[in-house]
Amino acid sequence: KAGVTQTPRYLIKTRGQQVTLSCSPISGHRSVSWYQQTPGQGLQFLFEYFSETQRNKGNFPGRFSGRQFSNSRSEMNVSTLELGDSALYLCASSPGAEQYFGPGTRLTVT
Amino acid sequence: DQQVKQNSPSLSVQEGRISILNCDYTNSMFDYFLWYKKYPAEGPTFLISISSIKDKNEDGRFTVFLNKSAKHLSLHIVPSQPGDSAVYFCAASLTGANSKLTFGKGITLSVRP
């Protein structure tokens with residue numbers, strides 16, 4: 001089976017812009033979660049989608065949003081980018097308890 | 001409030017010896033624990049997990065031990081190999097509720113040839 005794929009792998013944006021990241025889960029996985037990894041905070045949970053519904057949400061501002069499509073593919077959007085949003089954004093898909101991660105999208109905000 | 005703690009930022013061991021990576025948690029409601037390995041520029045790779053109804057789970061060179069009363073788990077790698085050099089994350093979750101994983105900050109393992 002193909003693993004979790006994320007596009008793009010690298011992205012450079014300017015403060016105030018918005019960005020959309022994409023994630024394709026492992027075939028058959030209906031749950032998709034998003035995490036932010038930064039050197040200071042480690043891996044932090046953003047939100048989880050299951051069957052096109054947001055099932056859980058972490059402690060991030062409303063600028064961070066996501067959605068899931070009927071084929072389980074997911075996108076996350078960050079609006080009004082801030083310098084502190086520079087991070088590795090990881091997507092994970094899950095058939096149950098274990099989560100399987102994609103390679104991440106490295107976002108740099110200048 | 002850090003609910004999952006990996007207090008040692010790094011560990012260095014000799015090839016062939018045992019690596020012991022420790023993890024503590026504060027939320028007694030956690031009932032499922034996982035270890036992930038991460039190489040630079042890659043996403044975390046699932047290694048091994050354990051449910052709170054067990055105290056040990058083994059998979060090849062990897063064994064995870066859980067001490068619920070101490071809220072402590074450890075990952076043993078025997079024998080350690082240079083390819084094991086990576087950052088290891090401990091994670092915890094509440095099964096049946098959702099798929100949210102709470103991660104520790106990771107420990108960098110270096111295995112010396």
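These figures come from a predicted structure and were not determined experimentally. In what follows, every heavy atom counts, from backbone to side chain, and hydrogens, waters and symmetry copies are set aside.
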_Structural part of R106(A) lying under 4.5 Å from a heavy atom of chain B_ = neither
_Can a side-chain donor-acceptor contact be found between T110(A) and R15(A) if the only test is distance below 3.5 angstrom?_
no
*Let me know if L46(A) has heavy atoms under 4.5 Å from chain B in its side chain, its backbone, both or neither.*
neither
*For the residue pair F33(B) and Y25(B), categorise the inter-ring angle as parallel (less than 30°), tilted (30 to 60°) or perpendicular (more than 60°).*
tilted
_Lys/Arg N to Asp/Glu carboxylate O, R63(A) vs D85(A), below 4.0 Å_ = yes
*Output all residues satisfying salt bridge (charged side-chain N to carboxylate O under 4.0 Å, His left out) with E75(A), sequence neighbours left out; order by chain, then residue number.*
R67(A), R73(A)
*L43(A) versus chain B, heavy atoms under 4.5 Å apart: side chain, backbone, both or neither?*
both
*asked:* Counting heavy-atom pairs closer than 4.5 Å to chain B, which one of K57(A), Q37(A), Q41(A) comes out on top?
replied: Q37(A)
